[in-house]
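So the structure is just underneath, and the comments pick up after that.
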Number of protein chains: 4
Amino acid sequence: MVEGIGRGRPRSESARAAVLHAVDDLLVEVGYASLTMKGIAERAGVGRQTVYRWWSNKAEVLYEASVLDAQHELAVPLSGDARTDVEVYLNALIAFLTRSHAGAAYRALVGEAQHDPDVAVLLASRDILGESATAVVDAARAASGTALSAEQAIALLIGPPFFRILSGHDADDIDPKALADQFMRVLDRP
Amino acid sequence: MVEGIGRGRPRSESARAAVLHAVDDLLVEVGYASLTMKGIAERAGVGRQTVYRWWSNKAEVLYEASVLDAQHELAVPLSGDARTDVEVYLNALIAFLTRSHAGAAYRALVGEAQHDPDVAVLLASRDILGESATAVVDAARAASGTALSAEQAIALLIGPPFFRILSGHDADDIDPKALADQFMRVLDRP
Amino acid sequence: MVEGIGRGRPRSESARAAVLHAVDDLLVEVGYASLTMKGIAERAGVGRQTVYRWWSNKAEVLYEASVLDAQHELAVPLSGDARTDVEVYLNALIAFLTRSHAGAAYRALVGEAQHDPDVAVLLASRDILGESATAVVDAARAASGTALSAEQAIALLIGPPFFRILSGHDADDIDPKALADQFMRVLDRP
Amino acid sequence: MVEGIGRGRPRSESARAAVLHAVDDLLVEVGYASLTMKGIAERAGVGRQTVYRWWSNKAEVLYEASVLDAQHELAVPLSGDARTDVEVYLNALIAFLTRSHAGAAYRALVGEAQHDPDVAVLLASRDILGESATAVVDAARAASGTALSAEQAIALLIGPPFFRILSGHDADDIDPKALADQFMRVLDRP
DNA sequence: CCCTAATCGAGACGGTACGTCCAGTCTTGCA
DNA sequence: TGCAAGACTGGACGTACCGTCTCGATTAGGG
């Protein structure tokens, strides 16, 4: 990647970091609804235009600020036993969606995507949740010899808790063990 | 009309109807993101105070204007054959979430609920999707003798397409027949 | 003047007064160059839109805030002796242009008018300086039987000090007595 | 002062010329109000810093680009007849202030000087208008034997049209012949 | 023939005012 | 006294320009 001939002052990496850091902080302090581009810039000690220069809206900043954390929180080590791994993953997923800051950011983005096409495109460009489940799901599929595609299996695994949490049910009512059972049952038969 | 001693001008039912109508129209014309209380009042030919008097935010107006009507779109007649009914329901659900105006309103509300606690409460107070699935799910549960609770079964049925659609996947990639198969398979075993 | 049927909340006279007062204060405190619509609104404790609703730019606010003061400062009582009145007027004019706050506002407006057509129109709509000189000049013209028109005489009276002050000469070098002499001399001959 | 030993890259004379040329062009194209340092630099194909290095504000650039050239427009040849020369000069002055690009620049600077002390100093450092009138006025003074000082006579000559034009009167209403008459009349008597 | 130094174009930087928009409240006259 | 109309304060929006700051590249001496 060449990036032209590199004329002009180069982008300030410290400004970039300050913005992402400010978003992380503000998300916790004031919540997504009260997160403003103005507030982010001021908190980061950065000009407003600098934020707009590199991210076109607050969804993009939030995405970049949160996506790495999300991947980290949803990464589960494979034990070799598919049933166990699925349950461990489900626990991580539920914790992410209900208790994690990065998860709150992710839910906010999903929310925004429902009425902002730009955010929808941004979100669709990288299926964070789906990616996180891939390893676990592939292992389970391989072990079971199911005919389900990876995509189908992923939706089957993530969908039920995703639906209950985003539509406002009490997260405590979700039983990861039972969900894991149901998931394995679908896979276990041709 | 009696309404107690009724001093002063009585409440205008026509104003209420005009507001709900205006919201329906505007949702189609400008979309949720550009829906404003000001715009609603002007379109309805109603004072802004009148809107605020009856609904405390645009989510409430939208909820009353669109989402309750949504029940009709998701009501499927029971045929007696659980497998068939499940598939018919899934088709209705997918159409609702991807192509219906009421569905767009519902998705917008789910989105708003992710960063506005008031909207979350409003949405949780009435599980529209869950309710719509109850009849189909109960019939399927009765026919199969599964141990799954109604709530578990509902999440299992709705979750997968809900996740795929809200996280921005292409709706055409969803196969209702396969989803119905998977759902029946979980139920079919004790 | 009927002003329609007067529906809606009427303009707040207190907001109007607060804005004009704020402009007066700020002009003294920070000067014209640092006078901003934002600053005016904040100082007046008024919404920004309220300022824009009634005045389309800062020149208009300034004009309204200063014109009355200007008229007051430039009003000289007629003594009956034209020569004396002319000299008194010239002293008032020089004081206005060099030492008065309203005069500073007026000079700023004249300045702005040189590169903003809107301000030029505003200024031309009401010739504050010319009006102030009318009484004195008319009296002098009547006494002398000159053939000069009012407009010519006014320009002859105001022009010389106006030019010296606006083009940056030291105001102390201006001799009102000599200027009055010169003015009377032009008038005194057919 | 020797200016050091002159190490380093010397100033680019072509850059200087490009900037002055760009200012001339832009003044005509977009007007003084829309003239920005950024715009000047871009139009000149020059770095912003380069402009700031040699001129500290846009008034200085404008002064050097336009106003100094203005002297040519105001230079009138002396015929020997004072009355005629005065009228010719007045015509040139009025044309300069109302129709010339350099005149527009000069008026803009006078305007700016009313609220920017730096510009006021710049303008006062060289009385362009006064200088232009010196020859004509001195000739007229010599011919008439008046007691008026050069400064007084200059203000008397330039002031009236200057006032009318800068305060927004219609330039067509100005009668150079009458102004010349009035001017000569003041001079003609002790 | 490099070395040093000051210039050049380009463009990002932190700031700040712009004029617009909307939220939610308040104040009129009319019915 | 409820209603429409519409003005109110407040504050975020995204843009523009300010004057400064880094870049790499260029262009002159001086050693």
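Note on naming: letters A, B, ... go to the chains in the order of the sequence lines (proteins, then strands), and numbering restarts at 1 for each one. Only a predicted model underlies this, so the values are computations on that prediction, with no experimental measurement involved.
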Roughly how many Å is it from [atom1] in [X] to [atom2] in [N], rounded to a whole number?
X       : N      : atom1 : atom2 : value
C:Lys58 : E:dA17 : NZ    : C1'   : 10 Å
A:Met37 : E:dG15 : CE    : P     : 17 Å
B:Leu35 : E:dC22 : CG    : C1'   : 12 Å
A:Tyr52 : E:dG11 : OH    : P     : 23 Å
A:Lys38 : E:dA17 : NZ    : P     : 11 Å
B:Glu42 : E:dC22 : CD    : C1'   : 11 Å
A:Tyr32 : F:dA12 : OH    : P     : 16 Å
B:Asn57 : E:dC22 : CG    : P     : 17 Å

Task: 5'-most by nearest nucleotide on DNA chain E - A:Arg16 or B:Gly39 - done: A:Arg16
Open item on the list: Let me spell it out: for each of A:Ala15 and C:Thr36, pick the nucleotide of DNA chain E with the closest heavy atom. Which residue's pick is nearer the 5' end?
Closed with: A:Ala15
Short side-chain to backbone donor-acceptor contact, [X] and [Y], under 3.5 Å:
X        : Y        : result
C:Ser125 : C:Leu122 : yes
A:Glu112 : B:Gly111 : no
C:Ser34  : C:Gly31  : no

Task: Per-nucleotide protein contact string for nucleotides 2-7 of chain E, where B marks a base within reach and S marks sugar-phosphate only (heavy atoms under 4.0 Å, - for neither) - done: --BBBB
Task: Salt bridge flag under 4.0 Å for residues B:Arg43 and B:Glu29 - done: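 The answer is yes: the pair qualifies as a salt bridge.
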Task: Quiz item: cation-pi between B:Arg16 and B:Trp54, 6.0 Å / 45° - done: no
- [ ] Would you verify whether the NZ or CZ of B:Lys58 falls within 45 degrees of the ring axis of B:Tyr32 while also being under 6.0 Å from that six-membered ring's centre?
- [x]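 Pair B:Lys58/B:Tyr32 counts as cation-pi.
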Open item on the list: With a 3.5 Å cut-off and heavy atoms only, can you find an N or O donor on one side and an acceptor on the other between the side chain of A:Arg48 and the base of F:dG14?
Closed with: yes
Task: B:Gln49 (side chain) and F:dA4 (base): donor-acceptor pair under 3.5 Å - done: no
- [ ] Look at all strands and tell whether C:Gly45 reaches a base, only sugar-phosphate, or nothing, counting heavy atoms closer than 4.0 Å.
- [x]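 The answer is sugar-phosphate, as C:Gly45 gets under 4.0 Å only of primed atoms, P, OP1 or OP2.
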Task: D:Glu60 CD to D:Leu62 CG distance, which is reported to the nearest 0.5 Å - done: 11.0 Å
